[in-house]
Amino acid sequence: MTTVEFDPFSELYFNDPTEMYRSLRDHAPLYYSERYDFYALSRYDDVVQASRDTKTFTSTHGLTYDNLSDPNFDVGAQLSMIMMDPPDHTRYRRLVARAFSPRYIDEREPLVRGLLAEYLDPLMDRPEFDLVEDFTGPFPVEVICAILGIPKADRQAIRHNTDISLTREAGSGGMGQAQMDAAIATGMYFYQFIADKRNHLADDMCSALITAEIETETGERATLSDVDIAGFLTLLAAAGSETVTKAVANAGVLFHRWPGEWAKIKADPSKIPSAVEEVLRYWAPSQYQGRFSTQDTTWHGETLPAGKPVFLITGSANRDPREYQDPDLFIVDRVSKMPITFGHGVHACIGAALARLEIRTAVDELRLRWPDYRVDETRCRRVHMSNVAGYSSVPFHAVA
């Protein structure tokens with residue numbers, strides 16, 4: 001018997017869960033953690049099937065382990081559409097869908113290029129810098145906050161508080177005092193920001209949410225409360241910064257590790273979009289989505305009971321050899337299904353197109369500015385975060 005352990009709060013998981021995922025897929029496709037009392041699905045087809053079934057695998061109990069395992073979690077107090085299922089989720093998602101339409105996203109490329117230049121131009125004369133600290137950390141939050149209408153002076157504080165609130169200590173799935181304080185500080189900032197914005201409406205998403213109307217269950221029209229809008233802003237600011245931060249840093253390390261694939265990009269920049277998909281598949285910046293089971297189901301001859309936290313491990317699904325040929329090879333012009341890094345079904349990330357624009361533009365700028373570089377992997381450090389994976393430090397050296 002092969003012993004399988006999936007501990008998403010362990011040093012082994014934070015550093016690289018590849019072997020852990022392989023054991024899950026091969027020997028425990030329905031995994032139960034006695035230590036944490038959760039279940040996990042790791043194969044591609046299983047994750048897709050469960051992602052589509054919002055009645056059985058609900059988001060209304062929260063998405064992180066600390067919420068999902070809390071018997072006192074208030075299901076009726078959702079502050080964000082990410083903690084809703086249809087029909088509520090559908091009504092709320094429509095409010096921001098226009099801001100993430102393909103046409104709107106395409107029009108944001110000059111904004112993205114301009115913000116990239118703000119951070120990359122000062123690095124051109126430096127032979128070494130930290131890819132995360134100096135670039136991928138501060139840049140993405142500037143993009144999403146510009147769209148939301150958040151003042152430039154406040155954006156990096158939002159990022160730092162988001163980082164702290166998502167951080168987890170090895171061996172613990174819960175939030176510590178520092179994490180709770182950071183989450184509260186973010187919420188309080190947005191409440192105050194919204195109150196001021198009501199008196200200073202502008203051409204930004206926050207103003208659009210303030211003036212928007214939503215159809216209630218009874219068919220009446222109503223505006224959003226400050227609590228509703230704060231939930232939107234918290235979600236969009238966090239998701240819009242963390243995912244891109246981790247993905248671009250991952251790309252920097254992967255292209256260093258696979259120089260032949262970087263050579264393809266340099267020779268043919270039209271491969272960048274497919275290369276971005278491969279980065280997202282190979283090292284997903286969001287490794288799993290949390291759900292809560294509402295009824296008993298059967299997977300691979302075993303019962304997943306009702307009333308349990310469930311992890312849908314998209315990071316493992318993206319490396320499933322049942323779906324991808326040679327999944328552990330990094331191939332920038334791979335021809336296959338798009339990865340499910342940004343989720344699947346009704347909860348697929350609404351900002352995925354924006355994230356892809358930012359990642360591919362960042363990769364293109366790195367190609368133009370530093371066609372030859374190396375990464376000191378001995379000094380790279382990874383984050384210890386709830387369901388977010390990637391690097392907190394990547395020493396980057398320009399090669400003349």
Side-chain angles (χ1 to χ4, degrees), residues 14-19 21-22 112-113 116-117 119-137 139-140 243-285 287 315 318-321 324-339 341 355-383 389-400:
F14 291 139
N15 288 330
D16 187 356
T18 300
E19 293 303 321
Y21 289 164
R22 182 177 289 109
V112 172
R113 291 272 182 191
L116 279 166
Y119 286 93
L120 292 178
D121 285 351
L123 302 176
M124 292 296 292
D125 295 328
R126 291 172 54 179
E128 177 182 348
F129 57 89
D130 192 297
L131 192 63
V132 178
E133 181 179 347
D134 296 318
F135 173 45
T136 74
F139 142 67
T243 300
V244 178
T245 290
K246 305 305 183 288
V248 178
N250 288 347
V253 176
L254 285 170
F255 288 131
H256 159 79
R257 193 176 286 187
W258 300 79
E261 300 307 297
W262 182 236
K264 293 180 183 178
I265 298 298
K266 292 192 294 182
D268 184 1
S270 71
K271 294 183 184 292
I272 290 176
S274 65
V276 168
E277 298 307 316
E278 183 68 346
V279 169
L280 293 170
R281 184 196 69 83
Y282 197 87
W283 278 345
Q287 287 284 304
N318 284 339
R319 301 281 285 272
D320 188 350
Y324 298 98
Q325 185 176 1
D326 298 322
D328 293 327
L329 297 182
F330 179 72
I331 306 171
V332 299
D333 44 6
R334 178 185 292 273
V335 179
S336 61
K337 288 184 180 178
M338 291 181 68
T341 298
R356 286 184 165 99
L357 168 65
E358 293 180 60
I359 300 165
R360 67 174 181 260
T361 308
V363 169
D364 190 37
E365 289 292 331
L366 291 176
R367 175 190 66 87
L368 292 169
R369 295 166 185 264
W370 295 282
D372 298 299
Y373 73 91
R374 64 182 177 86
V375 167
D376 185 353
E377 290 202 58
T378 65
R379 292 162 52 206
C380 287
R381 297 192 307 273
R382 290 183 179 268
V383 299
Y391 290 93
S392 61
S393 178
V394 175
F396 186 97
H397 302 261
V399 175

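Note: hydrogens, waters and symmetry copies are ignored here, and every other heavy atom, side chains too, is used.
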Decide if the gap between the ring center of Trp370 and the ring center of Phe129 is smaller than 6.0 angstrom.
-> yes
Look at the side chain of Ser274 and the backbone N and O of Lys271, then say whether any donor-acceptor pair between them is shorter than 3.5 Å.
-> yes
Exercise: identify the closest heavy-atom pair between Cys380 and Val375 | SG-CG1, 3.6 Å
Has the side chain of Arg319 got a donor or acceptor atom that lies under 3.5 Å from a matching backbone atom of Tyr282?
-> yes
Nearest-0.5 Å distance that lies between atom CD1 in Ile265 and atom CG in Leu366 | 11.5 Å
Side chains of Pro395 and Glu128: does their closest heavy-atom pair fall under 4.5 Å?
-> yes
Is the gap between the ring centers of Tyr119 and Phe139 under 6.0 Å?
-> no
Near Arg113 CZ, under 6.0 Å, is it more than 12 heavy atoms from other residues, nucleotides or ligands?
-> yes
Taking NZ, NE, NH1 and NH2 as the nitrogens, is one of them in Arg257 or Glu377 under 4.0 Å from a carboxylate oxygen of the other?
-> yes
Val253 vs Tyr391 side-chain heavy atoms within contact, under 4.5 Å = yes
Asp364 side chain vs Arg360 backbone, donor-acceptor pair below 3.5 Å | no
Heavy-atom pair of closest approach, residues Asn318 and Arg281 = O-NH1, 2.9 Å
Are Val279 and Phe330 close enough that some pair of their side-chain heavy atoms sits under 4.5 Å apart?
-> yes
Quick one: are Asp372 and Lys266 in side-chain contact, heavy atoms under 4.5 Å?
-> yes
Counting N and O atoms only, with roles assigned by atom type, does the side chain of His256 sit under 3.5 Å from a partner on the main chain of Arg374, one being a donor and the other an acceptor?
-> no
Check for a donor-acceptor pair, side chain of Arg126 on one end and backbone N or O of His397 on the other, with a separation under 3.5 Å.
-> no
Describe, in one word, how the ring planes of Trp262 and Tyr373 are oriented to each other, choosing from parallel (under 30°), tilted (30 to 60°) and perpendicular (over 60°).
-> perpendicular
State the CG-CD distance between Leu116 and Glu365, to the nearest 0.5 angstrom.
-> 5.5 Å
Hey, are the side chains of Pro259 and Glu261 touching, using non-hydrogen atoms and a 4.5 Å cut-off?
-> no
Tell me, please, which residues at least two apart from Asp16 pass side-chain hydrogen bond (donor to acceptor under 3.5 Å, both in side chains).
-> Thr18
Heavy-atom side-chain contact between Pro327 and Asp320 under 4.5 Å = no
Spatial distance of atom OG1 (Thr243) from atom CZ (Arg356) [nearest 0.5 Å] | 11.0 Å
Test item: Val363 and Val248 side chains (from C-beta on) under 4.5 Å apart, heavy atoms | no
Quick one: does Val244's side chain get under 4.5 Å of Ile359's, heavy atoms only?
-> yes
Do Ser393 and Asp130 have side-chain atoms, one donor and one acceptor, less than 3.5 Å apart?
-> yes
Report the C-alpha distance between Gln287 and Tyr21 in whole Å, list the side-chain angles of each, state the deciding distance to 0.1 Å, and finish with yes or no for side-chain hydrogen bond (donor to acceptor under 3.5 Å, both in side chains).
-> CA-CA 11 Å; Gln287 287 284 304; Tyr21 289 164; 2.6 Å; yes
Interatomic spacing from CG in Leu123 to CZ in Arg369 - rounded to 0.5 Å = 8.5 Å
